[in-house]
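Accompanying notes for the structure given below.
One is the number of the first residue; the rest follow in order along the sequence. Atoms within a ligand are numbered from 1 in the order they appear, just like the ligands themselves.
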Amino acid sequence: MAGHPKKKYSHANQGKRRSHLALAAVNLAPCPQCRTLKKPHEACPHCGTYRGRQITVIKTKRAAPGPA
Ligand SMILES: [Zn+2]
């Protein structure tokens with residue numbers, strides 16, 4: 001027989017362990033160029049700029065989902 005827990009884990013202790021398992025929401029900030037929401041410290045996936053410079057070339061033009 002394989003290794004087995006010596007004591008039953010109570011529902012309270014199970015909940016205490018799982019209190020740290022929640023996923024945090026992704027932080028998004030508006031792009032200064034096109035105003036779409038993007039992750040901070042990353043090039044904008046919509047317009048391809050970072051800190052005012054063109055980093056990547058966006059091949060397909062998509063309409064901005066946010067206010068622009
Ligand atoms: Zn942008």
Side-chain angles (χ1 to χ4, degrees):
M1 287 214 279
H4 228 63
K6 197 169 195 173
K7 294 228 170 77
K8 175 184 175 176
Y9 244 93
S10 68
H11 291 295
N13 277 333
Q14 179 180 286
K16 282 177 201 168
R17 182 178 67 243
R18 292 180 184 174
S19 69
H20 301 283
L21 297 183
L23 296 176
V26 177
N27 185 33
L28 293 174
C31 170
Q33 290 287 324
C34 63
R35 301 286 161 204
T36 56
L37 291 178
K38 70 171 194 69
K39 289 191 213 170
H41 313 289
E42 285 188 14
C44 176
H46 180 75
C47 63
T49 58
Y50 185 72
R51 296 189 68 170
R53 286 167 45 205
Q54 194 73 31
I55 302 298
T56 55
V57 177
I58 305 298
K59 288 175 182 172
T60 55
K61 289 286 179 193
R62 283 175 289 169

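Taking each heavy atom of Arg17 and Tyr9 in turn, the nearest pair found is NH1-CE2, 3.4 Å. A pairwise comparison of heavy atoms in His46 and Thr36 identifies CB-OG1, 3.6 Å as the closest pair. The two residues Arg35 and Pro30 come nearest to each other via the heavy atoms O-CB, 4.0 Å. Shown here for Pro45 and Ile58, the closest heavy-atom pair between the two residues is O-CD1, 3.5 Å.
Centred on the Zn ion (ligand 1), the angle running from Cys44 (SG) to Cys34 (SG) is recorded as 110°, rounding to 10°. Rounded to 10°, the angle formed at the Zn ion (ligand 1) by SG of Cys31 and SG of Cys47 is 110°.
Distance check for His46 against the Zn ion (ligand 1): none of its N/O/S atoms falls below 2.8 Å.
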